[in-house]
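Working notes, beginning with the structure itself.
Throughout, numbering of the chain's residues begins at 1 and tracks the sequence.
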Amino acid sequence: MAIKFYTVEKKINGKNYKAQFSGLSVALKAVDESYIDGSNNTSLEKMAQYLFDNVVVEPKGLTVDSFDNMDESNAVVSFAREVMQGELKPAGSAEKVK
């Protein structure tokens, strides 16, 4: 079965964000690349940056310092994670998969 890539848009605190689903391998790689060296723990900062670099397609070039507060940063990270994991679909399809 072929992977169907798609994008989802969401407005968070008055700013538009677009994230892309590129297959579940991206979600697995996100975890693999977010481990803290020498441990079994994942880094929130590494995970956020992975999402900004590989899932959020607009706006480009986000970093954790692109946000004024943690609530907004966390909202964008949560949105990107839901899209990356295939849980959030584009408008017009099943909005959330459970």
Side-chain angles (χ1 to χ4, degrees):
M1 178 196 251
I3 298 171
K4 183 177 180 188
F5 292 6
Y6 57 83
T7 59
V8 180
E9 295 183 42
K10 184 173 184 176
K11 186 175 276 198
I12 300 171
N13 288 352
K15 298 174 190 150
N16 292 318
Y17 295 90
K18 185 185 288 188
Q20 179 173 309
F21 175 79
S22 300
L24 294 176
S25 62
V26 173
L28 297 174
K29 189 170 185 170
V31 173
D32 289 347
E33 291 194 11
S34 296
Y35 280 113
I36 297 170
D37 293 336
S39 79
N40 291 328
N41 299 318
T42 55
S43 163
L44 297 175
E45 181 182 13
K46 286 182 178 182
M47 177 62 77
Q49 196 58 55
Y50 184 90
L51 292 167
F52 297 151
D53 292 343
N54 298 286
V55 179
V56 177
V57 294
E58 286 180 22
K60 293 247 183 238
L62 291 176
T63 70
V64 293
D65 292 326
S66 298
F67 302 93
D68 293 329
N69 59 66
M70 285 300 294
D71 288 340
E72 184 177 356
S73 174
N74 289 338
V76 175
V77 166
S78 293
F79 163 63
R81 182 181 291 127
E82 287 179 331
V83 173
M84 175 184 71
Q85 294 174 341
E87 296 172 1
L88 194 59
K89 306 289 184 183
S93 64
E95 192 65 24
K96 198 129 159 102
V97 177
K98 288 288 174 187

Would you call Glu87 and Arg81 a salt bridge, using N to O less than 4.0 angstrom?
no
Taking every non-hydrogen atom, the tightest pair across Tyr6 and Gly86:
OH-CA, 3.5 Å
Ala80 and Ala19 have their tightest heavy-atom pair at CA-CB, 4.4 Å
Val76 versus Phe67, closest heavy-atom pair with distance
CG2-CE2, 3.7 Å
Report yes or no: is the cationic atom of Lys89 (NZ for Lys, CZ for Arg) under 6.0 Å from the centre of the six-membered ring of Phe21, at an angle within 45° of the ring normal?
yes
Write down the atom of Asp37, the atom of Lys46, and the distance for their closest heavy-atom approach.
OD1-NZ, 4.1 Å
Distance only, no hydrogens: is a donor on one side chain within 3.5 Å (strictly under) of an acceptor on the other, for Glu45 and Ser43?
no
Do Val57 and Met47 sit in one hydrophobic cluster, given that two such residues count as connected whenever their side-chain heavy atoms are within less than 4.5 Å of each other, even indirectly?
no
Partner of Leu62 by side-chain contact (heavy atoms from CB on, under 4.5 Å), out of Val77, Asp53, Leu51, Val56:
Val56
Heavy-atom closest contact (Ala48 atom, Val64 atom, distance)
CB-CG1, 4.0 Å
Counting heavy atoms not belonging to Leu44, are there more than 12 under 6.0 Å from its CG?
no
With the 4.5 Å side-chain cut-off for hydrophobic clustering, are Phe5 and Tyr50 part of the same group?
yes
Could you check if a side-chain atom of Asn16 sits within less than 4.5 angstrom of a side-chain atom of Glu58, using non-hydrogen atoms only?
no
For a side chain to side chain contact (heavy atoms under 4.5 Å, CB included) check, start with the C-alpha distance between Asn13 and Lys15, then their side-chain angles and the critical distance, and finish with the verdict.
CA-CA 6 Å; Asn13 288 352; Lys15 298 174 190 150; 5.6 Å; no
Minimum heavy-atom distance Gly61-Ser66, with the two atoms named:
O-OG, 4.3 Å
When rounded to the nearest 0.5 Å, the distance separating CD of Glu33 from OG1 of Thr42 is 13.0 Å
Measuring from Phe79:CZ to Leu88:CG, what's the distance to the nearest 0.5 Å?
6.0 Å
In Å, rounded to the nearest 0.5 Å, how long is the span from OG1 of Thr7 to CD of Gln20?
7.0 Å
Expected output: side-chain Ser78 to main-chain Ala75 donor-acceptor under 3.5 Å
no
Run Tyr17 and Phe52 through ring-ring contact (aromatic ring centres under 6.0 Å, His included) and show every step you take.
CA-CA 11 Å; Tyr17 295 90; Phe52 297 151; 8.6 Å; no
